[in-house]
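Before any comments, here is the structure.
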Protein chains: 2
Amino acid sequence: MRDVSKQPTDPRVLRTRQLIKDAFIDLLQEMDIEKMSISRIAERATINRVTFYLHYRDIPDMLEKMADDMIEDFKQAVGIEPEKPAVTEEEDWFMMLRLLEHIAEHHKFYKVILGSRRAPIFSERLLNMLTELISARIEEMGTESFCYKAGIPKDIAIWHGSAALIGTIVAWLRNDMPYTPAFLAKQFYLLTRSRIETKGE
Amino acid sequence: MRDVSKQPTDPRVLRTRQLIKDAFIDLLQEMDIEKMSISRIAERATINRVTFYLHYRDIPDMLEKMADDMIEDFKQAVGIEPEKPAVTEEEDWFMMLRLLEHIAEHHKFYKVILGSRRAPIFSERLLNMLTELISARIEEMGTESFCYKAGIPKDIAIWHGSAALIGTIVAWLRNDMPYTPAFLAKQFYLLTRSRIETKGE
DNA sequence: AGACTTAATTTACAATGTGTTGGATAATTA
DNA sequence: TAATTATCCAACACATTGTAAATTAAGTCT
């Protein structure tokens with residue numbers, strides 16, 4: 001198998017990987033599930049089956065690498081920088097908006113990839129990313145966070161929050177995005193912040 | 001393939017199915033994932049491979065049937081009756097407690113089955129069940145529900161709530177249940193109800 | 001442009017898993 | 001005990017996998 005650690009520049013490699021990725025996404029839409037095979041992917045990608053092995057060890061390996069790429073694209077698009085976490089609520093909101101807009105822009109890809117049962121790896125990776133994000137956010141709020149005030153263990157709040165996010169996004173995609181990214185971001189705000197904000201109502 | 005619609009009474013059938021189920025759970029714990037095969041299951045279950053086909057068409061079919069059984073056991077154990085939904089918050093809380101206790105009681109099964117990447121069907125089924133439950137709950141609350149007050153579309157609240165539940169439970173299992181069912185149920189109460197309750201604090 | 005390098009193709013092979021037969025054996029039930 | 005039914009066994013054609021060797025095609029570099 002070829003080295004994948006550093007980004008390839010050879011157009012032949014880029015072409016082949018794109019063909020494989022497209023074929024995979026393509027098959028994922030029509031396949032009865034679990035009928036995916038390297039043979040079919042190669043056939044659909046119009047490449048030789050042996051060529052597949054020059055890039056990936058097997059299908060799980062392929063999914064792994066594709067998930068890596070997805071997370072990379074994601075961070076790139078949303079502008080997530082681990083060093084400088086969002087501090088204000090406005091920045092939080094904007095990040096969520098960019099995140100949803102990025103998904104909406106590539107909804108065809110994300111709907112297939114996140115909705116399919118064959119590739120839970122993608123959802124899992126996204127869940128991990130959101131978990132880190134929310135974790136950092138809560139950590140940084142300290143005694144200001146609602147879960148501190150309500151006496152809720154931080155890890156439970158993190159599990160709850162990240163699962164709710166990813167689950168809502170997947171359901172949103174499955175239902176063909178009946179709400180705009182901005183509206184959905186607003187609802188997330190209401191669902192998480194209302195605990196504190198509604199005090200005085 | 002044998003008829004599975006009505007429950008079998010022949011002890012040989014019950015024995016074989018139990019052997020298959022045990023072997024599957026067993027393999028799921030150690031397998032590298034995606035290396036599951038009918039051959040391996042049959043070998044581990046100490047049954048002939050052909051016998052497998054007398055009960056299930058293929059592995060996805062097996063998972064489907066096992067998921068059906070799981071949901072059935074679940075409703076049985078938790079005491080969910082679609083006709084008579086919970087009305088008071090106490091009943092809600094007790095149902096959640098029974099649900100978590102049932103999972104805790106069979107945690108070995110649920111941890112493997114819900115945590116594995118090979119069998120998202122189980123998580124999905126559970127998600128659907130919780131979605132129905134929460135959906136009915138919100139519907140029944142009418143103008144009393146927090147999402148009505150906050151102007152949050154019902155479907156978003158349902159997506160959010162059910163995904164949060166299933167996700168938290170899976171994370172709870174993955175971390176070997178660091179909290180008691182009662183404590184976790186209490187946190188769910190705090191996380192969902194605090195929006196209204198904390199008004200006066 | 002020509003030489004060098006690397007990717008992709010082609011063909012072939014052994015190994016494993018799938019799904020299905022027909023007939024023998026064992027367990028259950030009436 | 002006799003009839004029924006589940007399981008086992010051996011065997012089959014077929015598909016997929018993973019690997020190897022030699023060949024062709026495309027990209028890179030001077």
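Naming convention: chains lettered A, B, ... in sequence-line order (proteins, then strands); numbering from 1 in each chain.
At its two ends the helix from dA1(C)-dT30(D) to dA30(C)-dT1(D) runs along axes set 40° apart, each axis drawn from five pairs and the angle rounded to 10°.
Side-chain atoms of Arg12(A) and base atoms of dA8(C) include no donor and acceptor less than 3.5 Å apart.
By the 4.5 Å heavy-atom criterion applied to side chains, Lys108(B) and Ile25(B) are not counted as neighbours. Between Arg17(B) and Tyr56(B), some side-chain heavy-atom pair lies under the 4.5 Å cut-off. Counting heavy atoms from C-beta on, the side chains of Asp10(A) and Arg15(A) never come closer than 4.5 Å. For the pair Asn175(A)/Trp159(B), a side-chain contact is recorded, criterion being any heavy-atom separation below 4.5 Å from C-beta on.
Using modelled atom types and a 3.5 Å distance limit, the side chains of Asp155(B) and Tyr179(A) yield a donor-acceptor pair. Using modelled atom types, one finds no donor on one side chain facing an acceptor on the other under 3.5 Å when comparing Glu132(B) with Asn128(B).
In terms of heavy-atom proximity, Asp58(B) sits nearest to Ile38(B) at CA-CD1, 4.3 Å.
Taking side-chain N and O atoms only, Thr16(B) has a distance below 4.0 Å to OP1 or OP2 of dT7(D). Within the 4.0 Å cut-off from OP1 or OP2 of dA7(C), not a single side-chain nitrogen or oxygen of His55(A) is found.
Atom-to-atom, CG of Asp10(A) to P of dA26(D) comes out at 12 Å; the value is rounded to the nearest Å. At whole-Å resolution of the value, CG in Leu54(B) and P in dG22(C) are 14 Å apart. Between the C1' atom of dA7(C) and the CD1 atom of Ile20(A) lies a distance of 12 Å, rounded to the nearest Å. Taking atom CD of Glu43(A) as the reference point, atom P of dA8(C) lies 19 Å away to the nearest angstrom. If you measure from atom CZ of Phe52(B) to atom P of dT21(C), you get 17 Å, rounded to the nearest angstrom. Across the protein-nucleic acid pair, Ile47(B) atom CD1 and dT25(C) atom P stand 21 Å apart, rounded to whole Å. Atom CG in Leu19(B) sits about 16 Å away from atom P in dA6(D), given to the nearest Å. In this structure, the CZ atom of Arg15(B) is 10 Å from the P atom of dA27(C), given to the nearest Å.
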Base versus backbone protein contacts along nucleotides 9-19 of chain D [heavy-atom cut-off under 4.0 Å; B, S, -]: BBB----SBBB
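Glu124(B) has a carboxylate O that lies under 4.0 Å from a charged side-chain N of Arg174(A), or vice versa, which qualifies the two as a salt bridge.
Between Phe74(A) and His102(A), the ring planes lie perpendicular to each other; the angle is over 60°, past the 30° to 60° tilted range.
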